[in-house]
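Data first, discussion second: the structure below is written as structure tokens.
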Amino acid sequence: MEEDIDTRKINNSFLRDHSYATEADIISTVEFNNTGELLATGDKGGRVVIFQREQESKNQPHRRGEYNVYSTFQSHEPEFDYLKSLEIEEKINKIRWLPQQNAAYFLLSTNDKTVKLWKVSERDKRPEGYNLKDEEGRLRDPCTITSLRVPVLRPMDLMVEATPRRVFSNAHTYHINSISVNSDFETYMSADDLRINLWNLEITNRSFNIVDIKPTNMEELTEVITAAEFHPHHCNTFVYSSSKGTIRLCDMRSSALCDKHSKLFEEPEDPSNRSFFSEIISSISDVKFNHSGRYIMTRDYLTVKVWDLNMENRPIETYQVHDYLRSKLCSLYENDCIFDKFECVWNGSDSVIMTGSYNNFFRMFDRNTKRDVTLEASRENSKPRAILKPRKVCVGGKRRKDEISVDSLDFSKKILHTAWHPSENIIAVAATNNLYIFQDKVN
């Protein structure tokens, strides 16, 4: 992993100035499609913005890595549940792409209650010469038609259309936190705080409940589901994580309702580190299979851990993301930052892990060399082709010139959502209402 990273920030009105951003502009999810040619973002206003990668040009070969706006559409609208007197936010919680089967693209987007399947397609021709309609689309009087015309297709300016093909609703009592497309590409699952449902992509009025951890008496509730994902190759296998820091591997071949897990991954707690905040910071906010499906990566508040599917009692790798915040847990609890849900991603070869932190910092860990680097996504260092310099956080003592004190960190600026191109060293980082795209330095 190179520490020198070339940065390219998209120049588009979607990336508004932080000081003028509204709550609706805050990016809530980022996802590359399977080829990396498209990048989708969702925001708290229910909008989905899709960026497309520039095609290579002989005149400007360096523009190959740039992404420009391809399509923007309103995915979800605010709703109101009259039975429960509950407002349903339009915020996009997750976006997942389906593999491309034809010229069109398909993606799933979800808010707290409803999952939608969207088709994104291009149109560059329009039909002309109808017999029963005039050029403006009005119906003609059949008595005036004296000859038969053959309609023809005329070229037109390229238009990208997003249309909802399926709406999967009324299946979740609690807030959806995860969606995951199965490797059979026919089914997907959606997970909320207490249940996981399995859907067929063609059937919207029926889903199968495959996990239900809701106790008979809600006062006995001790944990909730925080994330879930299908195995990348085995369509019968999936994992889900909990607020207690455990990961359960389930096999749908064993029973229709996977209440009994096949494997339970849990690290014994060190009694010397036990504190009032132990249970909160051990809650897992994200879980991801690596590309081979042999390992799973989890993110809790302070660390990223890599687990081998064959070893349940402890992770094989643990990376400290911002251990310098351990002494600040009390103030982080008071301002609710301790409940922030950070995501984590693998690079294309599973050799590097990336996750976010505060002060618009994000961390990269090289699993082979055990080196790590802290980088910053900000407007100050985001000039095109500028080199990102590693940042360091100082904890007490004398601070060097290039270091930042832990007391100076801005906890309102946080990198919760990141994505890595499936085959190249191109990353997307969402910092509040700004989207930054970085790539390896090109010599």
Side-chain angles (χ1 to χ4, degrees), residues 24 26-31 40-48 73-81 83-84 86-98 106-118 164-182 187-201 203-214 218 221 223-230 238-243 247-248 250 252 257-258 283-289 298-299 339-344 416-417 419 430:
I26 295 173
I27 298 171
S28 54
T29 184
V30 185
E31 188 79 7
T41 67
D43 64 25
K44 287 193 173 183
R47 292 163 299 194
V48 171
F73 59 92
Q74 188 73 31
S75 173
H76 288 71
E77 301 279 359
E79 297 175 52
F80 191 80
D81 187 334
L83 291 175
K84 297 180 180 174
L86 191 70
E87 286 187 11
I88 301 170
E89 286 185 329
E90 64 270 37
K91 174 192 163 198
I92 308 296
N93 292 338
K94 285 286 186 291
I95 290 173
R96 291 290 179 265
W97 291 91
L98 273 66
F106 290 86
L107 63 85
L108 289 167
S109 64
T110 184
N111 67 350
D112 285 340
K113 299 289 182 181
T114 305
V115 184
K116 294 184 181 181
L117 174 65
W118 289 89
R165 300 307 298 270
R166 306 275 188 279
V167 178
F168 307 89
S169 57
N170 303 321
H172 285 277
T173 307
Y174 307 97
H175 292 177
I176 298 173
N177 55 49
S178 303
I179 50 175
S180 178
V181 180
N182 202 345
T187 57
Y188 78 93
M189 69 177 171
S190 56
D192 66 25
D193 296 336
L194 298 179
R195 296 188 180 102
I196 300 176
N197 293 334
L198 180 69
W199 300 82
N200 187 297
L201 285 162
I203 302 170
T204 60
N205 61 355
R206 187 172 69 248
S207 65
F208 297 96
N209 181 224
I210 53 175
V211 172
D212 188 346
I213 66 168
K214 183 182 179 182
M218 284 296 279
L221 182 67
E223 63 180 334
V224 294
I225 297 168
T226 56
E229 186 173 72
F230 268 119
F238 66 93
V239 294
Y240 69 91
S241 57
S242 86
S243 56
I247 309 105
R248 290 174 174 84
C250 299
M252 291 191 290
L257 189 63
C258 301
S283 175
I284 293 172
S285 55
D286 197 16
V287 58
K288 294 270 174 65
F289 274 104
T298 60
R299 170 70 205 261
F339 301 106
D340 285 334
K341 299 185 186 321
F342 292 94
E343 296 174 4
C344 52
L416 300 178
H417 313 288

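Quick note: residue numbers are just sequence positions, from 1.
For D286 (side chain) and C344 (main-chain N/O), a donor-acceptor pair under 3.5 Å exists by modelled atom type. Proximity of a side-chain donor or acceptor of S207 to a complementary backbone N or O of W199 within less than 3.5 Å is not detected. In this structure a side-chain-to-backbone donor-acceptor pair under 3.5 Å is missing from S180 to M189. Looking at R195, its side chain never comes within 3.5 Å of a backbone N or O of A171 through a donor-acceptor pair. Although no hydrogens or angles enter the test, the distance criterion places no donor-acceptor pair under 3.5 Å between the side chain of N111 and the main chain of I88. A distance-only check finds no donor-acceptor pair linking the side chain of S169 to the backbone of T114 [under 3.5 Å]. For K116 (side chain) and H76 (main-chain N/O), no donor-acceptor pair under 3.5 Å exists by modelled atom type. For the pair N197 (side chain) and I210 (backbone), a donor-acceptor distance under 3.5 Å is absent. Judged by distance alone, the side chain of S285 and the main-chain N or O of F342 form a donor-acceptor pair under 3.5 Å.
Atom CD1 of residue I27 and atom NZ of residue K91 lie 13.0 Å apart, to the nearest 0.5 angstrom. Atom CG in D43 sits 9.5 Å away from atom CD1 in I26 (nearest 0.5 Å). The line from CD1 of I225 to NZ of K214 is 12.5 Å long, rounded to the nearest 0.5 Å. Expressed to the nearest 0.5 Å, how far OG1 of T187 lies from CG of N182 amounts to 3.5 Å. Atom CD of E77 is separated from atom CD of E89 by 14.0 Å, given to the nearest 0.5 angstrom. With rounding to the nearest 0.5 Å, the separation of CG in N177 from NZ in K94 is 7.0 Å.
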Walk me through it: do Y240 and I213 pass the test side-chain contact (heavy atoms from CB on, under 4.5 Å)?
CA-CA 12 Å; Y240 69 91; I213 66 168; 4.0 Å; yes

side-chain contact (heavy atoms from CB on, under 4.5 Å) evaluation trace for L194 with M218:
CA-CA 11 Å; L194 298 179; M218 284 296 279; 4.0 Å; yes

Could you check K113 against H175 for side-chain contact (heavy atoms from CB on, under 4.5 Å), going step by step and ending with a plain yes or no?
CA-CA 6 Å; K113 299 289 182 181; H175 292 177; 4.2 Å; yes

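A heavy-atom distance below 4.5 Å is found between the side chains of L108 and L98. Counting heavy atoms from C-beta outward, L198 and M252 have side chains that approach closer than 4.5 Å.
Minimum heavy-atom separation, I176 to V115: CD1-CG2, 4.0 Å. When all heavy atoms of I179 and S190 are compared, the pair lying nearest together is CG2-CB, 3.9 Å. The minimum heavy-atom distance linking A191 with I196 is given by the pair CB-CG1, 3.7 Å. The nearest pair of heavy atoms linking S28 to H417 is O-CE1, 2.9 Å. Residue E223 comes nearest to L221 through the heavy atom pair O-CD1, 3.3 Å, listed as atom of the first residue, atom of the second, then distance. Across all their heavy atoms, S109 and I95 have their closest contact at CB-CG1, 4.2 Å.
Looking at T226 and S241, their side chains do bring a donor and an acceptor atom within 3.5 Å of each other. Using a 3.5 Å distance cut-off with no hydrogens or angles, the side chains of D112 and N93 do pair a donor with an acceptor.
Screening F106, F230, F168, F238 for a ring pair (Phe, Tyr, Trp, His ring centres under 6.0 Å) with Y188, the sole residue that qualifies is F168.
The environment of N170 atom CG is sparse: at most 12 non-hydrogen atoms of other residues, nucleotides or ligands sit within 6.0 angstrom. Under a cut-off of 6.0 angstrom, the local environment of CD in Q74 is crowded, with over 12 non-hydrogen atoms contributed by other residues, nucleotides or ligands.
Judged as a side-chain hydrogen bond (donor to acceptor under 3.5 Å, both in side chains), and not counting sequence neighbours, the contacts of E31 are R96.
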